[in-house]
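So the structure is just underneath, and the comments pick up after that.
Bear in mind that the values here come from a model prediction, so they are computed numbers and not experimental data.
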Amino acid sequence: MILLPAFAADAPSKPPKMSELERYVRIQIEIGAAMKDFFAKMGPGVVNPPPDQRESIVEQVDETITAIVKKYGLTTEEYNRRKREVFEDDKAVEAFLTSHPDLKTQWDALPFKGGGHGQRSYGE
């Protein structure tokens with residue numbers, strides 16, 4: 001029997017190393033962008049989808065959010081449980097974003113952001 005060496009591509013993917021705040025900011029940016037794109041595809045002015053489409057839409061949104069948080073090594077439940085606390089310190093969030101102008105630009109473009117304290121967040 002011949003044994004072949006394992007390839008790096010075969011190894012399970014690990015989330016990139018980053019602070020918890022950076023991870024949550026990146027997740028929020030990705031979720032916000034995905035939701036913006038998702039609802040833009042529904043058409044202009046669509047506020048409430050027809051009742052027969054709501055369940056399907058909720059499932060699609062849940063699948064999208066689950067895939068995004070999974071890339072960062074979290075479950076949706078873990079993300080939702082911690083996000084308010086992570087985003088609670090507005091000064092820390094602003095300092096982080098100021099030191100990462102590329103992320104700040106994306107963050108500022110989101111219609112909803114943060115941990116939901118006083119604002120609506122995606123993924124709730």
Side-chain angles (χ1 to χ4, degrees):
M1 173 190 266
I2 299 174
L3 296 175
L4 299 174
F7 294 95
D10 294 337
S13 62
K14 291 183 180 180
K17 290 220 176 219
M18 60 185 72
S19 72
E20 185 176 47
L21 178 57
E22 180 178 0
R23 181 186 319 180
Y24 277 70
V25 165
R26 288 181 181 276
I27 290 170
Q28 193 71 39
I29 288 169
E30 285 192 43
I31 290 173
M35 294 302 99
K36 185 177 177 182
D37 290 344
F38 180 82
F39 289 107
K41 290 176 186 173
M42 291 180 66
V46 175
V47 178
N48 287 316
D52 61 327
Q53 293 180 6
R54 289 182 187 155
E55 188 173 326
S56 173
I57 291 169
V58 168
E59 288 176 15
Q60 291 174 41
V61 167
D62 287 346
E63 289 172 7
T64 299
I65 292 170
T66 298
I68 291 169
V69 299
K70 185 178 180 180
K71 289 187 338 186
Y72 291 90
L74 296 171
T75 65
T76 304
E77 293 78 21
E78 291 168 327
Y79 174 72
N80 285 332
R81 187 174 37 246
R82 289 273 305 137
K83 72 179 176 181
R84 286 183 191 201
E85 188 176 334
V86 171
F87 290 119
E88 188 172 50
D89 186 347
D90 292 331
K91 289 181 183 178
V93 172
E94 190 58 36
F96 173 79
L97 291 169
T98 299
S99 68
H100 295 83
D102 57 323
L103 294 177
K104 181 167 180 32
T105 299
Q106 295 173 58
W107 179 267
D108 289 343
L110 295 176
F112 305 110
K113 52 194 155 256
H117 55 287
Q119 302 176 45
R120 171 135 167 76
S121 297
Y122 290 115
E124 290 191 305

Which distance, rounded to the nearest 0.5 Å, do you find between the OH of Tyr72 and the CZ of Arg26? 6.0 Å
Non-hydrogen side-chain atoms of Thr75 and Lys70 separated by less than 4.5 Å: no
Over 60° means perpendicular and under 30° means parallel, so tell me whether Phe87 and Tyr24 are parallel, tilted or perpendicular. perpendicular
Verdict with reasoning, Arg84 to Glu88, per salt bridge (charged side-chain N to carboxylate O under 4.0 Å, His left out): CA-CA 6 Å; Arg84 286 183 191 201; Glu88 188 172 50; over 6 Å; no
Is any side-chain heavy atom of Leu110 less than 4.5 Å from a side-chain heavy atom of Ile29? yes
Please evaluate residues Gln60 and Ser56 with respect to the criterion side-chain hydrogen bond (donor to acceptor under 3.5 Å, both in side chains), reporting the C-alpha separation (whole Å), side-chain torsions for both, the decisive distance (0.1 Å), and the verdict. CA-CA 6 Å; Gln60 291 174 41; Ser56 173; 3.1 Å; yes
For Lys91, does its backbone N or O pair with a side-chain atom of Glu94 as donor and acceptor, under 3.5 Å? no
Rounded at 0.5 Å granularity, tell me how far NZ in Lys83 sits from CD in Glu78. 14.0 Å
Taking salt bridge (charged side-chain N to carboxylate O under 4.0 Å, His left out) as the test, write out the residues that go with Arg82, two or more places apart. Glu20, Glu85
I'd like to know if the side chain of Gln28 pairs up with that of Tyr79 as donor and acceptor (distance under 3.5 Å, no hydrogens or angles considered). yes
Between Ile27 and Ile68, is the side-chain contact (heavy atoms from CB on, under 4.5 Å) condition met? List the steps. CA-CA 7 Å; Ile27 290 170; Ile68 291 169; 4.3 Å; yes
If you compare all heavy atoms of Ala34 against all heavy atoms of Thr64, which two are closest, and at what distance to 0.1 Å? CB-CG2, 3.7 Å
Indicate, with yes or no, if Val58 and Met35 share a hydrophobic cluster defined by side-chain heavy-atom contacts under 4.5 Å among Ile, Leu, Val, Met, Phe, Trp and Tyr. no
Are His100 and Trp107 packed together at the side-chain level, in the sense that at least one heavy-atom pair is separated by less than 4.5 angstrom? no
Tell me the closest heavy-atom pair linking Arg23 and Leu74, and the distance in Å. NH1-CD2, 3.5 Å
